[in-house]
Engineer: 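Quick one: structure below, then a few questions.
This one's a predicted model, so the numbers in the text were calculated from it and none came from an experiment.
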Amino acid sequence: MPSDDYPLTLLCHPATPAPVVRAIEAGASLRADGGLSLTFRVWGDMARLLIPMTGASERTDLLWEHTCFEAFVAGAGDSAYREYNFSPCGQWAAYAFSDYRQRDDSLVLIDAPQIVSRLHAGRFEIEALLAPGALPACAGGLKIGLAAVIEAADVVDGSHSYWALRHPALRPDFHHREAFTLELGGPRNSD
């Protein structure tokens, strides 16, 4: 899976400090086939982070309770959006919303995302590829929010930190539309 050539910096929410993480970068790019390629890179003390590396590659809810990486994708100008969660172990989830936190159970992904994870000394990487049919159809391009939940093993003041391109609220809220700051693509046709 190709990685994005223009990494973006995810910011840690000030209410959830993460002393064991030095930085998180993310990238997203539309592929020639209309799919979406996502890349996340975490730098820090990997021995002090809880990174699930084993598990079945299947749809699983509640992934945000542990280390996971997320993408929120909407058509430009559309109140509806989709949420995708990717665990380093290959588990994933996808949800549709008709508006802010208003679940729409109509989304059924036929093609599971492709997820590849790599753990290195001082760095962790995850790449996810969404098929074209998993993305919302829109005429004006996509608005995307990229985010991560990082679980630490030995942090006294809370084990989770919340990272996003932008944090527009006092508490971490990846669903907030002002966090969808990345714009990709032009007109898209519906399938």
Side-chain angles (χ1 to χ4, degrees), residues 3-30 35-44 49 51 62-88 92-104 107 113 123-130 134-136 138-152 155 157-186 188:
S3 62
D4 187 63
D5 294 328
Y6 305 100
L8 303 163
T9 300
L10 296 188
L11 306 171
C12 185
H13 194 282
T16 64
V20 298
V21 177
R22 288 194 314 276
I24 300 180
E25 288 183 342
S29 59
L30 286 173
L36 181 63
S37 178
L38 302 160
T39 305
F40 298 88
R41 295 177 196 95
V42 179
W43 282 270
L49 297 179
I51 302 173
L62 304 176
L63 292 176
W64 56 82
E65 291 182 352
H66 303 286
T67 296
C68 84
F69 300 86
E70 304 185 8
F72 293 78
V73 182
D78 192 354
S79 61
Y81 62 98
R82 295 181 184 176
E83 173 186 353
Y84 307 94
N85 304 154
F86 313 103
S87 172
W92 60 276
Y95 308 97
F97 296 86
S98 59
D99 206 335
Y100 176 75
R101 293 191 180 270
Q102 299 297 310
R103 277 287 288 277
D104 176 355
L107 176 65
R123 186 178 82 237
F124 171 77
E125 299 173 355
I126 185 169
E127 296 178 352
L129 176 62
L130 293 169
L135 301 174
C138 65
L142 299 173
K143 298 275 289 179
I144 299 173
L146 299 175
V149 176
I150 305 296
E151 186 177 20
V155 178
D157 295 334
S159 63
H160 292 77
S161 59
Y162 299 89
W163 301 73
L165 292 172
R166 182 165 188 261
H167 293 286
L170 292 176
R171 296 179 51 106
D173 184 0
F174 300 153
H175 292 257
H176 198 293
R177 283 309 284 265
E178 289 181 29
F180 296 29
T181 61
L182 179 60
E183 296 181 24
L184 288 181
R188 291 180 50 84

Engineer: Could you tell me if the side chain of V42 sits less than 4.5 Å from the side chain of I51, heavy atoms only?
Structural biologist: no
Engineer: Evaluate the side-chain proximity of D78 to P136: yes if any heavy-atom separation is below 4.5 Å, no if none is.
Structural biologist: no
Engineer: Determine the minimum heavy-atom distance between W163 and A18, stating which atoms define it.
Structural biologist: CZ2-CB, 3.7 Å
Engineer: If you define the side chain from C-beta out and look only at heavy atoms, does anything of F180 sit under 4.5 Å from I144?
Structural biologist: no
Engineer: Considering all heavy atoms of both residues, which atom of A152 and which atom of V20 are nearest to each other, and what is their separation?
Structural biologist: CB-CG2, 4.0 Å
Engineer: For residues 65-76, dump all side-chain donor-acceptor pairs below 3.5 Å to protein atoms at least two apart in sequence or in another chain.
Structural biologist:
from, atom 1, to, atom 2, distance (Å)
H66, ND1, E151, OE1, 2.9
T67, OG1, L50, O, 2.6
T67, OG1, E151, N, 3.0

Engineer: Please report the closest heavy-atom contact between L146 and A26, naming both atoms and the distance.
Structural biologist: CD1-CB, 3.8 Å
Engineer: Just by distance, do the side chain of T16 and the backbone of Y162 share a donor-acceptor pair under 3.5 Å?
Structural biologist: yes
Engineer: Using the rule given for side chain to side chain contact (heavy atoms under 4.5 Å, CB included), can you reason through L10 versus L165, listing the C-alpha separation, both sets of side-chain angles and the distance that settles it, and then say yes or no?
Structural biologist: CA-CA 5 Å; L10 296 188; L165 292 172; 3.7 Å; yes
Engineer: Let me confirm one number: the NE2-CZ distance from H175 to R101, rounded to the nearest 0.5 Å.
Structural biologist: 4.0 Å
Engineer: So with a 6.0 Å cut-off around CG of L170, is the heavy-atom count from everything else above 12?
Structural biologist: no
Engineer: Taking all atoms of both residues into account, what is the closest heavy-atom pair of S79 and R177, and its distance?
Structural biologist: O-NH1, 3.3 Å
Engineer: Would you please name every residue forming a salt bridge (charged side-chain N to carboxylate O under 4.0 Å, His left out) with E178, sequence neighbours left out?
Structural biologist: R166
Engineer: Would you call F124 and V21 a side-chain contact if the rule is heavy atoms closer than 4.5 Å?
Structural biologist: no
Engineer: To the nearest 0.5 Å, what is the distance between NE2 on H167 and CG on D173?
Structural biologist: 10.5 Å
Engineer: Minimum heavy-atom separation for P7 to E25, with atom names?
Structural biologist: CB-OE1, 3.5 Å
Engineer: Can you list everything that forms a salt bridge (charged side-chain N to carboxylate O under 4.0 Å, His left out) with R123? Sequence neighbours excluded, please.
Structural biologist: E125
Engineer: Got E127 and F86 here, is their nearest side-chain heavy-atom distance under 4.5 Å?
Structural biologist: no
Engineer: Flag the pair L30 / L36 as yes when at least one side-chain heavy-atom distance between them is below 4.5 Å, and no otherwise.
Structural biologist: yes
Engineer: Using the ring-ring contact (aromatic ring centres under 6.0 Å, His included) rule, pick out the option among Y95, F97, F174 that qualifies with Y81.
Structural biologist: F97
Engineer: Please check if the side chain of Y84 supplies one atom and the backbone of L130 the other of a donor-acceptor pair under 3.5 Å.
Structural biologist: no
Engineer: Between A28 and L38, what is the shortest heavy-atom contact and its length?
Structural biologist: CB-CD2, 3.6 Å
